[in-house]
There are 2 protein chains.
Amino acid sequence: MGSRTQIDGLIDMSLQADGVEGIQQLCSAISETYGFDHFIYGASFPTSLIKPFVLVISGHPDAWRNHYQAHGYLAVDPAVQHCTRSIRPLIWQDLTLDPKIDEKPFTVMEEARQFGLVSGASLSIRGSRGEVGVLSFSSERTAWQTRPEIDGAIPDLYLLSAYVHEAVGRLLTQGSLPFNPPELTTRERECLLWAAEGKTSWEISRILGISERTAIFHLQNAARRLNASSRQQAVALAVSQGLISLQLG
Amino acid sequence: MGSRTQIDGLIDMSLQADGVEGIQQLCSAISETYGFDHFIYGASFPTSLIKPFVLVISGHPDAWRNHYQAHGYLAVDPAVQHCTRSIRPLIWQDLTLDPKIDEKPFTVMEEARQFGLVSGASLSIRGSRGEVGVLSFSSERTAWQTRPEIDGAIPDLYLLSAYVHEAVGRLLTQGSLPFNPPELTTRERECLLWAAEGKTSWEISRILGISERTAIFHLQNAARRLNASSRQQAVALAVSQGLISLQLG
DNA sequence: TGCGCAACTGTAACACCTTACAGTTATAGG
DNA sequence: CCTATAACTGTAAGGTGTTACAGTTGCGCA
């Protein structure tokens, strides 16, 4: 239950994990170390608000994955719901679901049990580029049996979820995944920042000391790089991907 | 070093913490429990990208706070820099700062030592409404003395940083702070979401099955509620505050 | 020297957003 | 019953964004 060598070894492993397989092995190792039977990592990268790039690294039984996807459970999964609304870890047992009011979420957890995901916990993940994710671990044993050890493992698991996600972040910048975050020039970021503040092209040109045409030029280039079809979308993407540096002060 | 009763007590305290004073006491308790002398919590809420609402709850010596603010160290503080770029905890000792290249960050840490912040760690915080924050704990003892216990405390501290931030989130919704996140109607959120996707008023009207004038109407109302002076700014604020639900799939 | 690229500038037509005017319908709460 | 609010619709003038045209300057790199 959290001796120093345990988590240190897993952190080292996370810093070296390479490729999707490396992260799969890392999650497997974490899962085993803390006495779980299954895991799943899922994260959403805001390439688009409507259709984000989603990466799932699954250590779930195939039967459950197929059932889950076929029924569109992602939209009603109470663990996912919790992790998008809160940054606190969730121990599944703590969910208070009324079968009448929360019918669908209740069904998801009920059926998960039948597929061998009896007890478990979900860790909320939020990246520095607007990513929202979940890392869940589950056991085939009952909550009564696993509760004490899950309680004890939560701090370690929460920390490790950050390291797992950072390892995924490295995949992105290395280009191992079909989504590479665009790089903007200084001027493009400056123009986007002021556009996001509601300034017009002319106002931006006065702020930056350039001609109005040049401000328009930079904003167009930024939109092209972001695959945006309008200034509005460019602003939305830049903000959601954290490309516009919001100052801490 | 992390017996169950220790962190459980602090988590309970965080769930009941009320008001800024309650959170100040909570951070103090965490600091003492894990053998630190000072703490500081700082978070930035994206009311505006240029001028966000910033909340600081300080357990730092007044002399250091004044010195820090007078010299504008927030912009060059390497701990703050790290926490805005990464979600991993930072143990100050692990910073590799070259006095020649990283002159200003080096100076910040050097002077911090002279004010009694000798060794410590910073935990990155990211909230579900676009908040970016830092929770730091520091000791007057040297890194050599504190390293083992800091290493051991990191998982607990990282978890507690989430609970501290959630407690701050409760202050916001309770209206105890001079910033209340606006509430949008369903239609306003829908229109904003599609506007953020780069759709024009006419396209949004076709998607939602309403007249173009009505789409414009909802977007104007949304902009008014968000204190935005244009549709661009409304989109930027809605995205940065997480008011537009980006689906996990 | 040549190449790519960031940064810069201008004009013109057309599409789009903003503002201000003036309404209707339905639902929830005092 | 009255008020507030969500949701809905229309017109018109004027400001702003988008696209496509055609350039210049300066820097770093092969």
Side-chain angles (χ1 to χ4, degrees), chain A residues 48-50 175 180-241 243-245, chain B residues 48-50 101 173 175 180-241 243-245:
Chain A
S48 143
L49 294 174
I50 296 293
N180 53 332
E183 286 185 12
L184 303 175
T185 68
T186 308
R187 274 302 201 218
E188 285 163 358
R189 277 194 302 273
E190 287 171 341
C191 289
L192 272 177
L193 177 61
W194 290 109
E197 279 290 304
K199 305 299 182 191
T200 65
S201 301
W202 186 84
E203 288 171 325
I204 296 170
S205 77
R206 293 308 87 197
I207 292 168
L208 299 180
I210 57 181
S211 82
E212 183 181 2
R213 182 61 188 86
T214 303
I216 295 171
F217 171 79
H218 290 307
L219 285 165
Q220 285 170 341
N221 288 339
R224 187 173 32 76
R225 275 198 237 262
L226 290 161
N227 284 317
S229 61
S230 74
R231 194 177 295 191
Q232 278 165 46
Q233 193 181 8
V235 162
L237 288 172
V239 169
S240 67
Q241 294 177 20
L243 298 174
I244 297 177
S245 54
Chain B
S48 143
L49 293 173
I50 296 292
I101 305 170
T173 48
N180 53 332
E183 287 184 12
L184 302 176
T185 66
T186 308
R187 275 302 200 217
E188 284 163 358
R189 277 195 302 273
E190 286 171 342
C191 289
L192 273 176
L193 177 60
W194 290 109
E197 280 290 305
K199 305 298 182 192
T200 64
S201 301
W202 186 84
E203 289 170 326
I204 295 171
S205 77
R206 293 307 88 197
I207 292 168
L208 298 179
I210 56 181
S211 82
E212 183 181 3
R213 181 62 187 86
T214 303
I216 294 171
F217 171 81
H218 289 306
L219 285 165
Q220 285 172 342
N221 288 339
R224 187 173 33 75
R225 275 198 237 261
L226 290 161
N227 284 317
S229 60
S230 73
R231 195 176 293 192
Q232 279 164 44
Q233 192 180 8
V235 162
L237 288 172
V239 169
S240 67
Q241 294 177 20
L243 298 174
I244 296 177
S245 53

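Residue numbers start from 1 in every chain, and the chains themselves are labelled A, B, ... in the order their sequence lines are given, proteins ahead of strands.
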Would you please confirm or rule out a distance under 4.0 Å between OP1 or OP2 of [N] and any side-chain N or O of [X]?
| X | N | answer |
| --- | --- | --- |
| Ser230(A) | dC16(C) | no |
| Gln232(B) | dC17(C) | no |
| His218(B) | dA6(D) | no |

Whole angstrom value for the distance that separates [atom2] of [N] from [atom1] of [X]:
| X | N | atom1 | atom2 | value |
| --- | --- | --- | --- | --- |
| Glu183(B) | dT5(D) | CD | P | 13 Å |
| Glu188(B) | dC8(D) | CD | P | 11 Å |
| Arg231(B) | dC16(C) | CZ | C1' | 8 Å |
| Phe217(B) | dT25(C) | CZ | P | 16 Å |
| Leu219(A) | dA6(C) | CG | C1' | 15 Å |
| Arg224(A) | dA6(C) | CZ | P | 9 Å |
| Asn221(B) | dT5(D) | CG | P | 12 Å |

Any chance you could measure [X], atom [atom1], to [Y], atom [atom2], to the nearest 0.5 Å?
| X | Y | atom1 | atom2 | value |
| --- | --- | --- | --- | --- |
| Leu208(B) | Glu203(B) | CG | CD | 12.0 Å |
| Arg187(A) | Leu219(A) | CZ | CG | 11.5 Å |
| Glu188(B) | Asn221(B) | CD | CG | 5.5 Å |
| Glu190(A) | Trp194(A) | CD | CH2 | 10.0 Å |

*Is the closest side-chain donor-acceptor distance between Arg231(A) and Ser201(A) under 3.5 Å?*
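Yes - a donor-acceptor pair under 3.5 Å links their side chains.
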*Test applied, side chain to side chain contact (heavy atoms under 4.5 Å, CB included); reference residue, Gln241(A); option that passes from Leu243(A), Val239(A), Ile244(A)*: Leu243(A)
*Looking at dT18(D), dA6(D), dT18(C), which one has an atom nearest to any side-chain atom of Ile216(B)?*
dT18(C)
_Arg187(B) side chain, from C-beta outward: closest of dT18(D), dA6(C), dA7(D)_ = dA7(D)
*Got a sec? Which of residues 197-214 of chain B come in under 4.0 Å of DNA chain D, heavy atoms?*
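Residues of residues 197-214 of chain B under 4.0 Å from DNA chain D: Ile210(B), Ser211(B), Arg213(B), Thr214(B).
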*Are any non-hydrogen side-chain atoms of Lys199(B) and Ser230(A) less than 4.5 angstrom apart?*
no
